[in-house]
Amino acid sequence: MGHAASEFIPVSLAVLTVSDSRGEAEDTSGHYLVEAAAAVGHQVVDKRIIKDNIYQIRAVVSGWIADPSVQAIVITGGTGFTARDNTPEAIQPLFDRQVEGFGELFRMLSYEDIGTSTIQSRALAGIANQTIIFAVPGSTNACKMAWERIIVEQLDARHRPCNFLPHLSKK
């Protein structure tokens, strides 16, 4: 397959919310990501909420990376600049290759909404074992912006000139 296809190809994805304070009822960001992915035709195969702990994050994400039924992972939360924000430290060592442009583009778009505060966002993406991983802030507005303005196109086989589907494992 080339860099763009002529028809939509659904991706199987997992959503992880990293939070010390949110439970399922308060997880508006995780719920948004699940609903947005399903609305465009992707299959959400798992959704979890875990505490902001490097080893818990790494364990869950590693399991999904090893699972052939998971092609994409979207993580919300733990990407800020406080001592309790550990998502980048947890997942970066798992990457085979980092997608540097994702964090740069996220911060550029985020600047429109929150100005220079965006420099404290450590949003990032990478690929591991043919699984694309996106990590975005925990705010629902940040999740919406990341999904609607970046991720949805990069998970669409029809998006030209390129998208991530040729790099993902086949279910």
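Numbers here are sequence positions counted from 1. The basis for the numbers below is simple: all heavy atoms, side chains too, and nothing from hydrogens, waters or symmetry mates.
Other residues, nucleotides and ligands place more than 12 heavy atoms under 6.0 Å from the CZ atom of F8.
Cluster membership for I119 and M108, using ILVMFWY side-chain heavy atoms within less than 4.5 angstrom, is not shared. Linking Ile, Leu, Val, Met, Phe, Trp and Tyr whenever their side-chain heavy atoms come within less than 4.5 Å leaves Y111 and M145 in two separate clusters. One hydrophobic cluster, built from ILVMFWY side chains closer than 4.5 Å, cannot hold both I91 and I49; they sit in different ones.
Scanning all heavy atoms of the two residues, the minimum distance from S139 to S29 falls at C-OG, 3.3 Å. Taking all atoms of both residues into account, the shortest heavy-atom contact from T87 to D52 is N-OD1, 4.3 Å. Taking every heavy atom of both residues into account, I73 and I75 meet most closely at CG2-CG1, 3.8 Å. Across every non-hydrogen atom of A123 and T79, the tightest pair is N-CB, 4.1 Å. Here the shortest heavy-atom pairing between A142 and F106 reads O-CE1, 3.8 Å. Shown here for T131 and A72, the closest heavy-atom pair between the two residues is CG2-N, 4.0 Å.
Side-chain atoms of I150 and L109, non-hydrogen and from C-beta on, do get closer than 4.5 Å to each other. In this structure the side chain of V136 reaches within 4.5 angstrom of the side chain of F102, judged on heavy atoms. Counting heavy atoms from C-beta outward, L94 and V61 have side chains that approach closer than 4.5 Å. Between K47 and D27 there is a side-chain heavy-atom pair separated by less than 4.5 Å. With contacts defined as side-chain heavy-atom distances shorter than 4.5 Å, the pair E24/H31 qualifies. Using a 4.5 Å heavy-atom cutoff, the side chains of H167 and I132 are not in contact. Inter-residue side-chain proximity for R149 and E112 is flagged as met; some heavy-atom pair is nearer than 4.5 Å. Considering only heavy atoms from C-beta on, E89 comes within 4.5 Å of R122 through its side chain.
Side-chain atoms of R158 do not come within 3.5 Å of backbone N or O of S6 as any donor-acceptor pair. At least one donor-acceptor pair under 3.5 Å links the side chain of Q71 to the backbone N or O of S12. Formation of a donor-acceptor pair under 3.5 Å by the Q120 side chain with backbone atoms of G80 is not found in this model. In this structure, the side chain of R22 does not engage the main chain of G30 through any donor-acceptor pair within 3.5 Å. Formation of a donor-acceptor pair under 3.5 Å by the N163 side chain with backbone atoms of D156 is found in this model. Counting only distance, with no hydrogens or angles, the side chain of N86 and the backbone of I54 share no donor-acceptor pair below 3.5 Å. In this structure, E26 contributes its side chain and G23 its backbone to a donor-acceptor pair below 3.5 Å.
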### Query
Taking it one step at a time, do L124 and F95 satisfy side chain to side chain contact (heavy atoms under 4.5 Å, CB included)?
CA-CA 11 Å; L124 73 161; F95 293 164; 3.7 Å; yes
### Query
Do L16 and W64 pass the side chain to side chain contact (heavy atoms under 4.5 Å, CB included) test, and can you show the C-alpha distance, the side-chain angles, and the key distance before you say yes or no?
CA-CA 10 Å; L16 178 63; W64 284 338; 3.5 Å; yes
#### Entry: Residue pair F134, L33: steps toward the side chain to side chain contact (heavy atoms under 4.5 Å, CB included) verdict
CA-CA 12 Å; F134 299 100; L33 291 167; over 6 Å; no
### Task
Apply the test side chain to side chain contact (heavy atoms under 4.5 Å, CB included) to residues I127 and L168: give CA-CA distance (whole Å), side-chain angles for both, the deciding distance (0.1 Å), then the verdict.
CA-CA 9 Å; I127 195 157; L168 304 183; 4.2 Å; yes
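Side chains of D67 and S69: a donor-acceptor N/O pair is present below 3.5 angstrom, by distance only.
Atoms CZ and CD, from R58 and Q92 in turn, are 10.5 Å apart once rounded to the nearest 0.5 Å. Remark: T17 OG1 to R48 CZ distance equals 12.0 Å, nearest 0.5 Å. Atoms CZ and OG, from R107 and S117 in turn, are 13.5 Å apart once rounded to the nearest 0.5 Å. We find the CD-SG distance between E148 and C143 to be 10.5 Å, quoted to the nearest 0.5 Å.
Ion pairing of D20 with R84 is present here, as a side-chain N (NZ or NE/NH1/NH2) and a carboxylate O approach within less than 4.0 Å.
Relative orientation of the H42 and W147 rings is perpendicular, given thresholds of 30° and 60° on the angle between their planes.
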